[in-house]
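Here the structure is laid out as structure tokens; the discussion comes afterwards.
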Amino acid sequence: MAHPTQLGFQDAASPVMEELLHFHDHALMIVFMISTLVLYIIVAMVTTKLTNKYILDSQEIEIIWTVLPALILILIALPSLRILYLMDEINDPHLTIKAIGHQWYWSYEYTDYEELGFDSYMIPTQDLASGQFRLLDTDHRMVVPIESPIRMLISAEDVLHSWAVPSLGVKMDAVPGRLNQAAFIASRPGVFYGQCSEICGANHSFMPIVVEAVPLEHFEKWSSLMLEDA
Amino acid sequence: MLATRALSLIGKRAISTSVCVRGGHGVAKVEDYTLPDLSADQKSLKEKEKGSWAALSNEEKIALYRISFKQSFAEMNQGSSEWKSVVGGIFFFVGFTGLVVLWQRKYVYGPVPHTFDPEYKEKELQRMLDMRINPVEGFSAKWDYENKQWKK
């Protein structure tokens, strides 16, 4: 989750998110350089006393300010496409989980081995236990084993939703009548928060997502417990 | 967009219905580049200008300049105090907006949720540290777990 007044990204919890962080650093640096240059030129133009009313054409600068932006765009596009294709690589998931959006909660189904399914509702503010995060914590978390490729199949029962967990670098629309596939690997144990990212009605802001990444033994214990309770 | 006068004696001519005919702004008016009507003194000065300029005194040169130009460079470039009114106006309206916000907070908004109480915030903070939220570069990375304080 973000800490109060946080402006930047959360720490990456998956390899893809790490790539996205580095790409963002790269692109932002380019953007800062361009903005500084433009701001300097504006200030220089506005404060100069020199005038020339008879400028016609100027081939050299036209070539420069056409070629240079093209080069900069290539410099941005190459890493961007690299990550795009990286995200789409064939992977071999250890686990497939279905996340289904409803108005206004998520339900998760682990159906690889047994039929495990449960709903995940936000904890209302008045029912929060001491220290729980308002609008973020849920009654049931989606537990996954660490360092395992996970396949998410995301859909919706009623209207559009979107399943997003920023620290894992995942966001995928939940479209009724459609299965969207997303994949991630949780590289470290921890609890990762996200919120529904497609407007879906009155309580769109109140159906968060909590992913808990734990070592495999803990995951196995958890799933056995959940199956018993069901 | 050009109107035509077909029936006129001078035959079919196109009439431009654009700005130049209407004499709107941006049109080069004859007053912009011809001399204004001159007094007798000014006319004789203009005659003198046709001779050697070294023979003109400074006042005459200045008078000739003023015939053609309303302002000198110095007068043209001088700033005004308008910026003070603008900045003052900005401060005033920002301050007024602040008053409106304070009034709203007191008389319109309800209480904030109990999660904003300082004790609750402490518990949240401790829970974030216990859960190792953002342990790489972010939140928990800045906490010294050995000495239970923020890293210097």
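Letters go in sequence order (proteins before strands), and every chain restarts at 1.
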Under 6.0 Å from the [atom1] atom of [X], do we count more than 12 heavy atoms belonging to anything else shown?
X: A/N52; atom1: CG; answer: yes
X: B/E60; atom1: CD; answer: yes
X: B/E137; atom1: CD; answer: no
X: B/F93; atom1: CZ; answer: no
X: B/E82; atom1: CD; answer: no
X: B/K106; atom1: NZ; answer: no
X: B/W150; atom1: CH2; answer: yes

Carboxylate-amine/guanidinium proximity below 4.0 Å for B/R127 and A/D137: yes
Which heavy-atom pair separates [X] from [Y] by the least distance, and what is that distance?
X: A/G131; Y: B/E124; value: O-CG, 3.6 Å
X: B/M128; Y: A/P4; value: CE-CD, 4.5 Å
X: A/R188; Y: B/V136; value: NE-CG2, 4.3 Å

Polar side-chain atom of B/H114 near backbone of A/T125 as donor-acceptor pair, under 3.5 Å: yes
N/O donor-acceptor pair under 3.5 Å between B/N134 side chain and A/M1 backbone: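 A pair under 3.5 Å: yes.
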Residue pair A/R134, B/F116: steps toward the side chain to side chain contact (heavy atoms under 4.5 Å, CB included) verdict: CA-CA 10 Å; A/R134 186 178 71 99; B/F116 283 79; 3.8 Å; yes
Pair B/R132-A/V191, side chain to side chain contact (heavy atoms under 4.5 Å, CB included): steps then yes or no: CA-CA 8 Å; B/R132 302 291 195 276; A/V191 181; over 6 Å; no
Structural part of A/A13 lying under 4.5 Å from a heavy atom of chain B: neither
Report the distance from atom [atom1] of [X] to atom [atom2] of [Y], rounding to the nearest 0.5 Å.
X: B/K123; Y: A/Q132; atom1: NZ; atom2: CD; answer: 12.0 Å
X: A/L128; Y: B/Y120; atom1: CG; atom2: OH; answer: 4.0 Å
X: A/F133; Y: B/T115; atom1: CZ; atom2: OG1; answer: 11.5 Å
X: A/H3; Y: B/L129; atom1: NE2; atom2: CG; answer: 11.5 Å
X: B/M131; Y: A/Y193; atom1: CE; atom2: OH; answer: 3.5 Å

